[in-house]
Amino acid sequence: AAGHPEWPLPLLEYEDNLSSSSDVWGPPRLLTSAEFDGIMRACNASQESTPTASKYTFLTPNQLQHLPTTKWRVKGLFPEHGLGSIYGPSGSGKSFLALDLMASIACGITFYGHKTNQCPVVYVALEGTGGIAKRVEAYETHHKIKLPSTFRIVTDMLSLFSSEASVFADAVIEAGLNEGVIVIDTLAQSAPGSDENSSAHMGIIISNAQLLQRMTNSLVVLIHHTGKDASRGARGHSSLYAALDAALEVKRTQGGLEWLSAKVKDGASGNATSFRLERVVLGQDEDGDEISSCVAVGDLFRKPTLAQPKGKNQKAVLDALLLKFGARATVASDEALDIAKASLTDQTTNTAQRAKEALKGLLEIGRLVLTNDKYALV
């Protein structure tokens with residue numbers, strides 16, 4: 001045949017009786033080039049007749065609209081499945097807030113106006129273990145309810161820096177508590193011996209948390225600390241924040257405690273909500289001293305904290321206006337400008353411009369409100 005040598009090709013065919021039970025094989029025979037061509041044509045025809053399906057799906061904008069929407073565990077805050085976090089500085093009340101949130105989910109009641117979808121909750125209390133019983137009792141006492149049996153507390157050690165995640169996942173499934181929420185309080189206590197700033201170590205922690213999430217088909221929430229500079233967010237390597245589907249940040253402000261949705265996939269973030277810790281007396285000990293704990297409750301009627309002036313010029317102008325007129329007074333804009341200029345005694349040039357900039361800055365931070373060419377002092 002054209003394109004092939006005339007000598008036999010080194011492909012072997014065995015002459016047996018083609019019986020599946022036969023153990024007897026005949027001597028090998030070399031295929032001729034014509035037989036080889038026939039085999040190749042048959043293979044090519046078979047491949048052409050059975051095209052492989054693409055593993056990619058190319059959706060149109062219209063098809064996108066028919067995809068399933070996000071299912072919420074806490075509407076607008078936490079999805080039904082995924083990895084979440086509640087983080088804040090020590091003493092900010094984040095564990096009390098987390099307990100309030102998880103109790104709301106277990107009972108199927110709203111959380112600060114956010115609808116919850118009821119499910120089992122497993123709260124792994126690795127920090128402050130001795131006080132978790134009092135916290136739960138304080139919640140039930142304050143709200144006059146009994147938490148359901150699907151709300152469970154675990155005080156046994158659990159490490160996300162080892163292979164324990166899969167073992168714990170099996171235990172959750174065996175207890176019938178999967179497809180719910182699992183809280184790890186705190187991440188630091190669940191990863192002894194790890195370096196939170198190491199990308200490799202944090203990668204192991206994240207991987208095990210995600211394994212726990214997938215095996216139990218749940219939402220896993222990590223309670224975590226902020227670093228020395230709370231404005232930089234959760235402590236440790238940035239890969240943690242990147243891996244989160246949702247996060248609540250708890251803050252201590254001049255006016256009190258507040259939480260905000262720091263990260264919400266397919267939702268709005270950055271809306272701050274005030275809360276406070278309210279003391280609940282639970283009884284007396286053997287010495288007659290009160291036994292108490294706290295609950296996180298909304299502080300919706302708290303007066304907003306007044307923003308502080310930025311820079312010495314703003315402070316000098318605001319002090320001068322408050323001294324002359326007092327808080328909540330109304331001042332004509334031209335009179336306010338005159339007072340502002342007079343208050344900037346250390347300005348040798350461009351005093352009028354500096355006074356205008358100070359008044360504009362006070363408007364931006366909300367200490368002045370301009371209406372009909374008059375300033376209202378806040």
Side-chain angles (χ1 to χ4, degrees), residues 86-94 97 112 197 224-236 238 241 247-264 268-279 296-378:
I86 299 175
Y87 65 89
S90 296
S92 62
K94 58 183 177 292
L97 184 73
Y112 291 83
N197 294 309
H224 194 33
H225 296 285
T226 51
K228 292 181 179 179
D229 183 359
S231 65
R232 299 182 65 180
R235 191 174 68 190
S238 59
Y241 191 81
L248 295 188
E249 181 179 5
V250 183
K251 293 183 175 183
R252 285 195 309 257
T253 68
Q254 290 182 340
L257 304 175
E258 65 180 31
W259 63 264
L260 59 87
S261 49
K263 182 177 183 180
V264 188
S269 61
N271 301 315
T273 302
S274 300
F275 76 99
R276 70 180 190 278
L277 298 183
E278 186 166 307
R279 184 169 176 265
V297 295
D299 199 4
L300 304 180
F301 299 104
R302 180 198 303 169
K303 292 182 179 179
T305 304
L306 296 177
Q308 297 304 305
K310 299 177 180 178
K312 63 178 184 179
N313 287 354
Q314 287 187 22
K315 186 177 186 307
V317 171
L318 181 60
D319 288 345
L321 291 171
L322 289 173
L323 181 62
K324 185 171 180 61
F325 300 103
R328 294 180 293 279
T330 301
V331 187
S333 59
D334 56 351
E335 187 177 4
L337 180 58
D338 290 338
I339 293 173
K341 288 189 291 184
S343 69
L344 303 179
T345 55
D346 60 339
Q347 301 291 329
T348 57
T349 59
N350 298 325
T351 304
Q353 181 62 30
R354 298 290 182 268
K356 290 179 181 178
E357 291 174 353
L359 290 171
K360 181 180 178 182
L362 292 172
L363 279 170
E364 290 174 349
I365 65 173
R367 296 306 300 268
L368 292 179
V369 177
L370 182 60
T371 306
N372 297 327
D373 206 32
K374 290 185 178 181
Y375 288 111
L377 278 72
V378 179

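Along the sequence shown, residues are numbered consecutively beginning with 1.
Going from atom OG1 of Thr330 over to atom CG of Leu377 covers 8.0 Å, rounded to the nearest 0.5 Å. With rounding to the nearest 0.5 Å, the separation of CD in Glu249 from CH2 in Trp259 is 12.5 Å. Taken from CD in Glu258 to OG1 in Thr273, the straight-line distance is 8.5 Å, to the nearest 0.5 Å. Once rounded to the nearest 0.5 Å, the distance linking NZ of Lys374 with CG of Asp334 reads 10.5 Å.
Qualifying side chain to side chain donor-acceptor pair (under 3.5 Å) partners for Arg235, counting only residues two or more places apart in sequence or in other chains: Glu196. The side chain to side chain donor-acceptor pair (under 3.5 Å) test applied to Glu335 returns no partner, not counting sequence neighbours. Residues satisfying the side chain to side chain donor-acceptor pair (under 3.5 Å) criterion with Asp373, sequence neighbours excluded, are Ser333. Under the side chain to side chain contact (heavy atoms under 4.5 Å, CB included) criterion, Ala355 pairs with Leu337, Ala340, Lys341, Leu344, not counting sequence neighbours. Residues satisfying the side chain to side chain donor-acceptor pair (under 3.5 Å) criterion with Glu357, sequence neighbours excluded, are Gln353. Listed by chain and number, the residues in a side chain to side chain contact (heavy atoms under 4.5 Å, CB included) with Ser92 are Pro89, Lys94, Val250, Arg252 (sequence neighbours excluded).
Ala262 and Tyr87 get closest at one heavy-atom pair: CB-OH, 3.4 Å. Of all non-hydrogen atoms in Pro309 and Leu318, the two that sit nearest each other are CG-CD2, 3.6 Å. Heavy-atom minimum distance, Phe325 versus Val331: CD1-CG2, 3.5 Å.
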Output, in order, the C-alpha distance, side-chain angles, deciding distance and verdict of side-chain contact (heavy atoms from CB on, under 4.5 Å) for Leu321 and Tyr375. CA-CA 10 Å; Leu321 291 171; Tyr375 288 111; over 6 Å; no

Could you go through Leu248 and Ser261, starting from their C-alpha distance and side-chain angles, then the distance that decides it, and tell me whether this counts as side-chain contact (heavy atoms from CB on, under 4.5 Å)? CA-CA 5 Å; Leu248 295 188; Ser261 49; 4.3 Å; yes

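A donor-acceptor pair under 3.5 Å is absent between the side-chain atoms of Arg276 and the main chain of Ala296, judged by distance alone.
Sorted by first and then second residue, the pairs that involve residues 306-327 and meet salt bridge (charged side-chain N to carboxylate O under 4.0 Å, His left out), not counting sequence neighbours, are Lys312-Asp346, Lys315-Asp319.
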Sequence neighbours left out, cut at 3.5 Å: what donor-acceptor pairs do the side chains of residues 359-368 make with other protein atoms?
{"residue": "Arg367", "atom": "NE", "partner": "Val378", "partner atom": "O", "Å": "3.0"}
{"residue": "Arg367", "atom": "NH1", "partner": "Ala307", "partner atom": "O", "Å": "2.9"}
{"residue": "Arg367", "atom": "NH2", "partner": "Val378", "partner atom": "O", "Å": "3.2"}

